[in-house]
Structures are given as structure tokens and as C-alpha cells.
Amino acid sequence: MSESSTAQSTRYNPTELENKWYQHWMDQQYFASKPDEREAYSIVIPPPNVTGVLHMGHMLNNTIQDILIRKARQEGKNACWVPGTDHASIATEAKVVKRLREQGIKKSDIGRDEFLKHAWAWKEEFGGKILDQLKQLGASCDWDRTSFTMDPGLSKAVMKVFVDLHKKGKIYRGKRMTNWDPEAKTVLSNEEVIYKEENSRLFHVRYRIEGTEDEWITIATTRPETIMGDTAIAINPKDERYTHLQGRKAIVPLIGRVIPIISDGYVEMEFGTGALKVTPAHDMNDHEIGERHQLEIVDVFNDDGTMSEAAQLYIGQDRFAVRKLVAKDLEKAGHIVKIEDYRNTVGRSERTDAVVEPRLTLQWFLDMKDFAKTALDAVSSKEVQFFPEHFWNMYHNWLNEDNIRDWCISRQLWWGHRIPAWYYGEDTFVAETAEEALEMARQKSGIADLPLSELKQDEDVVDTWFSSWLWPISVFNGFESPEELRYYYPTNVLVTAWDIIFFWVARMVMAGYEWSGELLGPETAAKKGIMPFKAVYFTGMVRDEKRRKMSKSLGNSPDAIQLMDRYGADGVRFGMLSSAAAGNDIVFDAPIDPKTKKVLNESKLCEQGQNFCNKMWNALRLIKGLPRKEQAIDKETALINALAIQWFEHKLEQTAIKIQEQFETFRLSEALMNLYTFIWGDFCSWYLEMIKPPYGEAIDEATYQRTLELFEKLMSLLHPFMPFVTEEIWHQLQDRQAGDDCIISPYPRGGSFDAALITKVDTAMEVVAKIRDARNKNGIKQKEPLTLFIQKTSSTSELFELAGLKEMIVKMAYLSELTFTEEEIDNSVSFLAGTGKYFLLINKQIDVAAEIARLEEDLGRQQMFVKKAEKKLGNPRFVDGAPPAVVEKERKKLSDGQARIKAIEEELEKLRNK
RNA sequence: GGGCGAUUAGCUCAGUUGGUUUAGAGCACCUGCCUUACAAGCAGGGGGUCGUUGGUUCGAAUCCAUCAUCGCCCACCA
């Protein structure tokens with residue numbers, strides 16, 4: 001395919017290749033899944049907003065899902081990742097309204113049907129964008145299954161579920177104090193309101209006592225514009241300052257309404273003046289007080305936050321303008337006692353940022369009591385497992401019966417699933433279709449030919465999450481024909497950010513239990529349903545350097561597409577993942593080093609990923625560029641190559657096992673780091689250097705072939721993390737038959753390995769490193785041939801019995817000679833590796849004083865080490881109490897340490913005697 | 001107010017039920033190298049008494065308590 005490019009560029013160039021391979025995978029239909037006899041591995045995507053763009057949170061999230069699904073695919077499972085988008089009622093409607101407004105069109109002028117046409121047009125125009133961006137990231141979703149929460153099938157499921165719950169008596173309609181967004185003109189759920197401290201002012205306003213000329217009661221309020229809605233003043237019954245006013249009446253300034261002075265334990269005596277104005281229409285707590293005392297409710301606002309007729313004054317003006325006006329007018333009339341600066345918490349709409357107005361409205365609710373219990377049980381019984389586990393605490397805290405509140409499921413919007421309730425006269429008919437509702441109405445009313453036009457459907461739509469909570473069932477068309485559901489459900493894992501644990505995760509668990517039982521058939525029904533996923537992996541939130549959540553509104557998110565264009569999808573995937581331990585928030589931006597003032601910008605991590613691609617690319621160039629011949633060149637080379645291959649094979653098995661363990665516990669970033677150091681360090685820096693022939697010479701065919709196979713295995717292991725570069729290298733390594741692709745290559749599981757062999761080579765590597773260090777410290781060129789003596793002991797003898805080890809050290813450390821010695825070597829640099837002692841002969845006088853200092857420092861370290869071990873072993877409770885293996889290790893540590901001390905002391909003595 | 005989490009190298013973070021980790025990685029820093037795969041590289045190196053003070057234990061970065069600082073979630077005093 002790209003054979004010609006192999007040897008050319010020293011740089012890996014992702015852009016072209018990524019497109020090419022994605023297209024290839026699509027052509028081969030690797031992402032498509034149909035139920036078959038294989039084990040299923042399914043994931044449903046957390047559907048992003050249909051009109052959204054890819055941000056860093058999505059990148060992280062979907063990279064993780066892709067890693068999991070790709071690995072499952074390589075393991076031969078029937079991997080199915082269902083993509084899709086969410087209609088996101090409020091967010092999308094807000095965008096459409098804005099666009100229409102820019103065109104001079106008001107939503108209310110064009111009406112529901114016309115508005116929805118615009119909304120659908122908008123969805124068609126921008127809806128697929130985020131999915132295309134996911135493709136650029138390499139997401140291996142089964143695109144044929146792409147779902148949208150307002151697809152006919154998914155919409156039908158929403159209707160079905162609504163009717164079902166209504167029949168079960170869990171859905172009810174009632175007047176409630178709700179959070180009203182005056183900008184979007186809709187009710188918000190508690191979760192959609194964001195409270196923040198803001199600067200405001202606390203007005204102390206005095207109300208005259210009825211029937212007096214100069215007796216007053218002073219209240220404190222931050223919202224003087226609501227005084228027209230006051231219907232009482234409340235005081236604490238224990239407050240002696242006001243005992244004399246109990247049962248009397250006060251007069252509301254400006255409008256002159258006479259209101260009772262009541263006593264209620266809710267009032268805090270210490271706060272403000274200890275007297276509270278009660279506005280039942282505009283405050284949650286005041287409303288409760290109002291109910292206790294049967295107070296009148298005066299709603300002084302319109303639905304857009306302007307003053308209503310009931311306010312009597314300032315009608316039609318905005319609440320915040322009125323706040324200032326009222327303050328001025330009260331001042332003029334002598335009612336202001338004082339005004340204090342004050343900080344209080346203000347609730348704002350998550351979507352529109354408008355200050356939320358508590359308001360009494362008629363809404364649909366879902367009774368959460370039973371649902372909450374089910375959702376709690378599912379997690380406490382470990383049927384659904386959380387990673388990391390501590391999110392259980394947060395989940396529990398929200399769902400326990402003291403905190404759980406009924407779910408307000410209606411929204412005053414048009415974009416979404418319209419509530420399937422029809423009104424006729426005093427009656428309400430909840431049905432999946434208008435026809436059914438009409439039939440119900442005809443029966444109830446006895447009017448056989450009642451026309452549909454007489455019925456009025458509820459104007460509202462359901463909360464977006466009311467469709468999302470069905471997602472793991474509805475994307476498999478589970479409510480209509482559950483065949484696929486039986487195969488793919490429960491999904492294996494849900495990967496999501498923890499901030500929607502309540503909105504979405506908990507509710508999906510609830511829905512799973514509520515409906516999967518009957519849908520999956522008798523076996524499951526007996527268990528009253530099962531969870532929608534076996535595990536939930538919570539990713540951290542991606543934050544900027546100020547630890548703020550990355551969001552479009554703040555504009556603090558790097559452009560994901562730009563990043564991919566710059567570093568390649570593989571580079572970005574690497575960057576995202578390498579600092580993303582499960583559940584911990586990750587800071588992904590531009591921290592500044594206080595010392596150097598240099599910007600360690602966000603690209604650092606991605607750059608590292610890009611460099612990694614480059615490294616592997618060059619390893620490929622090296623191998624493919626080597627001249628080859630049939631037979632081994634000489635005996636030494638043959639020994640080295642054999643050892644290198646043997647060592648690396650064992651190391652590969654060991655690594656594969658570790659990776660497997662890390663996958664099982666979702667330690668993906670650690671797995672990636674392991675592969676990174678394994679490939680860069682062990683493979684490139686050691687293995688390839690060991691087998692690399694001197695310049696101009698050839699490598700033997702057997703070693704060459706074996707190296708290709710090892711490289712191939714590495715690509716299989718790394719593929720889930722960095723799919724593009726691994727696929728490209730896979731194809732450059734060998735000529736491939738059609739269908740022989742890295743994406744479906746078996747995932748190396750790892751098997752038994754020889755730990756002793758690995759340790760021996762590790763020691764040899766330590767020897768090499770020490771020699772290099774000695775060269776550095778003594779200013780000797782890296783390639784100047786030197787002689788190394790090894791002190792002959794039982795341990796060094798055993799070490800060097802390993803065939804090829806000696807030759808390998810000679811090659812890697814550029815030695816001219818390596819021999820055993822029985823005695824100390826004069827004028828040499830000595831060092832320890834493992835428990836062995838080595839003397840490097842350098843062709844210049846050594847600095848005796850410096851050498852002594854170095855050895856003394858080392859001696860001190862070793863003595864500390866030995867002392868610790870001695871203390872432990874001297875303690876009978878340790879020897880008896882600790883596991884034998886631990887004690888044995890401690891003994892080994894001690895004897896090794898003692899051997900080292902002995903060696904150092906000998907050396908020191910020799911030097912001192914000079 | 002209720003709950004959760006964090007505090008480990010200059011920076012960003014790992015450290016998996018307490019013992020093979022004399023505490024690791026990347027970046028940054030220092031030294032030497034344009035060595036014929038890669039200078040976006042190679043070979044080395046320095047740097048941390050794991051926030052405080054106690055406790056449990058034969059043994060603590062790891063468990064418990066306390067304090068300090070920071071972050072987040074939920075609820076909220078007008």
C-alpha cells in the first residue's frame with residue numbers, strides 16, 4: 001500500500017494515513033455487529049448533544065470506549081459500540097430560538113409546527129458533525145446503528161414508558177414550587193440550576209404597623225421587587241423583641257396591602273432583623289410557610305420575569321430594573337432603614353444563565369421513592385460495579401430516601417417528546433397516541449362521535465433525560481422487538497463523566513430494572529429485571545489550568561479538531577489518556593512553570609504521543625532498511641541475537657499479563673504507560689540495539705523474521721490505544737493478504753515467562769549503564785574500547801553462564817575485553833551491579849579522592865539499607881508473623897547488602913592504602 | 001450545614017486489599033553526544049524525611065484519628 005514511503009521520511013505523518021485506515025476499516029465492515037454465536041461485548045455511547053461539537057471531555061470519554069471495544073474485538077468477541085446523539089431539548093431549542101431571532105422571527109409568532117420544522121432543519125444541518133469528529137478520533141462505532149433520541153422507535157419507547165408509569169400510578173401532575181427559567185420560559189430540574197455566590201445588597205425595609213402612626217417592623221430582603229407579593233411578615237415565636245406585635249398587622253409599603261404578622265419557627269432570630277417578609281409565590285421556603293398559615297399567594301411576575309398585573313406597580317418592567325426602582329421609591333417614601341453590601345447564593349439556569357425564579361407551576365412528576373431504592377440496591381449488591389468505587393458514596397448520598405425528590409419530567413419547550421396527555425373538559429387521558437386518547441375520551445364522556453379536535457394535547461415535552469434513561473434499551477429497539485436486546489443486554493460497561501451520575505447513570509439503572517425483566521423474558525422477569533451495564537467507568541472531568549470545567553461557554557477548551565490536525569488522532573489519544581486515571585479530574589491546559597516562566601502548554605502530552613508514533617516509525621525504518629543474509633554472521637552475533645530474542649519474548653509475555661490485569665481494573669492510562677516504556681525502552685533502546693548489526697553489515701534472516709513478529713505483537717498490544725499508527729506499521733512490516741489487519745489481530749494475552757532470565761538480563765543492563773556512567777564521569781568517549789574485569793564470585797559466575805550475556809555486554813558497552821578476575825584491579829573504576837563487583841580499566845589516572853568520596857557515599861546508603869533489614873529480621877514478631885516469602889525477601893536483601901558493603905570496603909581500603 | 005475527594009520531585013500526576021519500590025513516570029533541569037532508525041533523537045545525571053501531629057502494626061506514602069490547606073457535589077438564611 002505505502003511500501004514506498006517506508007524508508008523515506010524520518011517523521012511519521014498521520015493525517016493522510018489516518019483517513020486511509022479509517023476508510024479501510026469501514027470498507028471491511030469491522031465495526032459492524034450482528035448477533036451471532038460469539039460472546040457479545042457491547043457499549044452504548046453517552047449520546048452527545050446533537051448540535052454540539054467535540055470537546056475534550058468527549059475526546060477522553062470516547063477514546064476510552066474505543067480502547068475497550070477494540071480490545072474486545074481483538075479478543076474475538078462480537079464487539080458492538082452503539083453511537084448516537086441526544087436531542088438535548090433546552091440547549092438545542094435555545095440555539096434554534098437564537099437563530100430565528102437573528103432572522104427577526106419570534107418563536108411564538110410561527111407556532112409549534114413551524115418551529116419544529118426549523119429545529120429539524122437545524123438538526124439535519126449540524127447534527128452529524130460531532131459524529132464525524134468522532135470518526136476522526138478513530139472511534140470504531142457501528143455506524144449503521146447510529147441512533148437519535150427522537151428517532152421514531154426511540155420516541156415510541158418514551159411514549160410507551162410514560163403511559164406505563166402513568167398506569168402504575170407513578171406519574172402524577174401537581175402544582176409545585178419549581179425553578180423557572182424566565183429566559184427559556186421553562187421549568188428546570190434542581191440539577192439544572194447552578195448556585196453561585198454573587199454580590200448583592202441586603203435592604204432593611206420598615207413596614208408600618210396597622211393602626212399606628214409611628215410604629216414599625218423592619219425586615220431584611222435582597223429582593224425588594226417582590227414586596228408587592230408579600231402576604232405576611234413572619235417572626236420567630238420565641239423572639240421577645242416582637243412578642244408585642246404578634247397578631248397585629250402590617251402595611252406593605254407602596255401598595256398599602258394589610259398583611260398579618262405571624263410567628264413561625266422557620267425564622268432565624270439572628271439573621272437580619274429577625275423579621276421575615278413572606279412572599280409565598282416567589283420563594284420555596286416562603287411557600288411552605290404560606291401553606292402552614294394558609295396565606296394568600298400573589299404572583300407578581302409574568303413568565304418572562306417582568307412584573308404582572310398582580311404587582312399593581314411597574315407592570316411589564318423587568319424584575320431587575322424594578323429592583324432598583326423599588327429601592328428608590330422606598331427610599332423616597334422613608335421606608336429604607338439601611339442598605340448593606342451582601343453576598344448571597346443565586347441560582348442560575350445551566351443553559352441560559354438567567355437567574356432562576358422560584359415559581360408555582362403545574363407540572364408532571366415521577367414518583368422516585370421505589371426507583372431510588374432499586375437503584376441503590378443495584379450498586380450496593382455489586383450487580384453494577386463502579387470504577388472507582390468511591391463514587392458509590394456520592395450516588396448513595398443523592399439516592400437515599402432523605403434526599404431523593406420526585407423527578408419533575410415536564411418542560412415548557414417544543415423540541416422534544418410531547419407529553420402524551422390529552423385534556424377534555426376536566427378529564428385527562430394519557431395514551432400512546434391521540435387516537436387511543438380519543439377513544440378513551442369517547443368512552444368516558446359517552447359521546448361516540450367526539451372529534452379529535454375537541455381534545456387538547458398537553459403543550460409540554462418531557463425532560464431530555466426521560467428519553468436518555470431508556471438509551472441502553474431503546475437503541476436495541478428493545479421495547480418493540482427484544483431479540484437484539486437479549487443478545488447485547490446488559491451492556492458491558494458504561495463510560496461517562498461523573499457529573500451526570502444522577503441525571504443519567506442512576507436513572508438508567510432504574511429504567512433497566514423497571515423494564516428489562518418483562519422484555520428479556522421469563523428468566524429475567526423472575527429477577528425483576530437486570531442492570532443495563534455490568535460496570536460503570538467514571539472518567540474525570542477535563543479541566544483547564546484554573547481547574548474550571550471545560551465548557552463552550554467559558555471558551556477554555558482547546559479545539560479538539562485542531563489538536564488532532566496538529567498531533568494526529570493517535571497523538572491526541574495518547575495525550576488524553578496518559579494523564580487520566582479513572583475518576584480523577586485531569587488538568588489539560590497550559591500550566592506555567594513558575595521558575596522558567598515557560599508555558600508547558602497542553603500540547604506537551606499530545607506531543608509526547610506524537611513523538612511516540614515517530615519513535616515506532618523509525619524503529620520500523622531501521623528494521624526494514626537492514627541488509628539481510630541467510631546465515632548468522634559469526635558466533636558472537638548469533639549468541640547475542642538468540643539471547644535478545646529469548647529475553648524479549650519472555651518480557652513480552654510478562655508485559656502482556658500486566659496489561660491484561662490493568663484492563664480488568666480499568667487502569668488504562670497505566671497500561672498505556674507500560675506499553676510506552678516497554679516499546680520505547682525495552683524494544684527500541686535495548687532489543688533493537690542488541691540485534692542491530694554494525695554499519696553496512698547484514699542481519700541474519702531468522703533474527704530479522706523474529707523481530708518482525710515481535711514488532712507485530714507489540715502493534716497488536718498497542719492497537720486499542722493508538723489504532724492508526726499501529727495499523728500502518730502492521731502493514732509495512734509484512735506483505736499482507738486481504739483481511740490480515742491489525743485491528744482484528746488476536747490480542748496477546750501473555751503466558752508463562754522466565755523471571756530469572758529477565759532478572760539476569762536486567763543485571764547485565766545495569767552493568768552496561770554503569771559502564772556508560774563511568775565513561776561520562778571520566779570524560780571517556782562512548783565508543784572508545786575499554787576492558788572490564790568481573791570479580792569472580794559464585795553469583796557472577798552464575799550470571800555469566802547465560803549464553804550470550806557476556807557478548808551482549810561487550811557489544812552494548814563498547815568493550816574490547818571482558819574477563820574474570822580473582823583480585824582487585826589497580827587504577828580502575830569499580831562499581832557494583834546486582835551483587836557483583838566490576839572494574840573498568842580506563843586509560844587515565846583516576847581521581848582517588850573523588851573515587852573514595854563516591855564509594856563512601858554509597859557505603860553509607862548500603863549500611864542504612866542493611867541496618868533496616870537487620871532490625872526487621874532481629875524482631876522475632878516479624879520473623880514469626882510476616883509471610884515466609886516476605887521474610888525470605890528480607891533475608892536476601894540483607895545478604896545482598898552485606899555483600900555489597902564488603903565489596904565497597906575492600907575497594908576503599910585499597911584506595912586508602914595508595 | 002450534609003457529603004465526597006485531594007495534599008507524593010520545579011510542574012502535571014501514578015503508586016492496584018500495608019511487605020520485591022532503599023518511593024515511580026512524563027515534562028522541566030544539568031552533563032556529554034549531529035553515533036550510519038529517530039536531535040520531535042541518543043547516553044547518563046541531579047532532585048522527594050510522600051501536608052501536620054499522634055495512633056494501630058513486626059512493618060505505614062498506603063489503615064485510623066486530629067489539624068491545616070485546596071477542590072468538588074448536595075442543600076441553603078431572607
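Lettering follows sequence order; numbering is per chain, from 1. In this text, all values refer to a predicted model and were calculated from it rather than measured experimentally.
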Q: Return the nearest nucleotide to the side chain of A:Lys777; candidates are B:rA78, B:rC38, B:rG45.
A: B:rG45

**Q.** Donor-acceptor contact below 3.5 Å, side chain A:Arg573 vs main chain A:Cys606
**A.** no

Q: Return the value, rounded to whole Å, for the distance between atom CD1 of A:Ile261 and atom P of B:rA78.
A: 22 Å

Q | A:Lys692 vs B:rA37: side-chain N/O to OP1/OP2 distance below 4.0 Å | A | yes

Q) Where the side chain of A:His390 is concerned, which of B:rG41, B:rA37, B:rC4 is the nearest nucleotide? A) B:rC4

Q.
Side chain of A:Lys615 only, heavy atoms from C-beta on: which candidate in B:rA37, B:rC72, B:rG44 is closest?
A. B:rA37

(Q) Between B:rU17 and B:rG54, how many Å separate the two C1' atoms, rounded to a whole number? (A) 25 Å

Q: Take atom CG of A:Leu672 and atom C1' of B:rA14, then tell me their distance rounded to the nearest Å.
A: 13 Å

Q | B:rU8 to B:rC13 separation - C1' atoms, rounded to the nearest Å | A | 9 Å

(Q) Which nucleotide, if any, forms a Watson-Crick or G-U wobble pair with B:rC77, using both distances under 3.5 Å? (A) none

Q: State the CD-NZ distance between A:Gln610 and A:Lys615, to the nearest 0.5 angstrom.
A: 15.0 Å

Q) What does A:Gln782 touch in the nucleic acid at a heavy-atom separation under 4.0 angstrom: a base, only the sugar-phosphate, or nothing? A) base

Q) Rounded to whole angstroms, how far apart are CG on A:Asp762 and C1' on B:rU20? A) 13 Å

Q. Does B:rC70 have a Watson-Crick or wobble mate here (both distances under 3.5 Å), and if so which one?
A. B:rG5

Q: Ignoring backbone atoms, establish whether A:Asn611 has a side-chain N or O less than 4.0 Å from OP1 or OP2 of B:rG41.
A: yes

Q | Base paired to B:rA14 (Watson-Crick or G-U; both N/O distances under 3.5 angstrom) | A | none

Q: Whole angstrom is fine here: how far is it from CZ in A:Arg775 over to P in B:rU35?
A: 16 Å

Q. B:rC34 pairs with which nucleotide, Watson-Crick or G-U wobble, both distances below 3.5 Å?
A. none

Q: Compute whether any side-chain donor of one residue and acceptor of the other, for A:Lys277 and A:Thr226, lie under 3.5 angstrom apart.
A: yes

**Q.** Which nucleotide in B:rC76, B:rA37, B:rC38 has an atom nearest any side-chain atom of A:Asn614
**A.** B:rC38

Q) Is there a Watson-Crick or G-U wobble partner for B:rA60 with both distances under 3.5 Å, and if so, which one is it? A) none

Q. When you check the side-chain N and O atoms of A:Asn236 and A:Tyr242, is any donor under 3.5 Å from an acceptor?
A. no

Q: Decide, yes or no, whether a salt bridge links A:Glu766 with A:Lys770 under the criterion of side-chain N to carboxylate O below 4.0 Å.
A: yes

Q: Take atom P in B:rA23 and the same atom in B:rG47, then report the distance between them in whole Å.
A: 13 Å

Q.
Any strand counts, and the cut-off is 3.5 Å on both contacts for Watson-Crick or G-U wobble. Which nucleotide pairs with B:rA65?
A. B:rU53

Q: Please state whether the phosphate of B:rG26, meaning OP1 or OP2, lies under 4.0 angstrom from any side-chain nitrogen or oxygen of A:Tyr676.
A: no

Q.
Apply salt bridge (charged side-chain N to carboxylate O under 4.0 Å, His left out) to residues A:Arg292 and A:Asp264 and explain how you reach the verdict.
A. CA-CA 9 Å; A:Arg292 283 199 285 275; A:Asp264 194 291; 3.0 Å; yes

Q.
Of the options B:rA78, B:rG45, B:rG26, whose atoms approach the side-chain atoms of A:Tyr266 most closely?
A. B:rA78

Q.
Taking the nucleotide of RNA chain B with the nearest heavy atom to each, does A:Asn618 or A:Lys277 sit closer to the 5' end?
A. A:Asn618

Q) So, does the side chain of A:Glu689 form a donor-acceptor pair with the base of B:rA37 at under 3.5 Å? A) yes

(Q) Less than 4.0 angstrom between a side-chain N/O of A:Ser685 and OP1 or OP2 of B:rA43, yes or no? (A) yes

(Q) B:rG44, OP1 or OP2 - any side-chain N/O from A:Arg772 closer than 4.0 Å? (A) yes

(Q) What is the separation between atom CE on A:Met394 and atom P on B:rA75, rounded to the nearest whole Å? (A) 13 Å

Q: Take the angle between the ring planes of A:Phe538 and A:Phe386 and call it parallel below 30°, perpendicular above 60°, tilted in between.
A: perpendicular

Q. Taking only N and O in the side chain of A:Trp617, is any of them less than 4.0 Å away from OP1 or OP2 of B:rG41?
A. no

Q: Kindly say if A:Lys770 contacts the phosphate of B:rG44, meaning a side-chain N or O under 4.0 Å from OP1 or OP2.
A: no

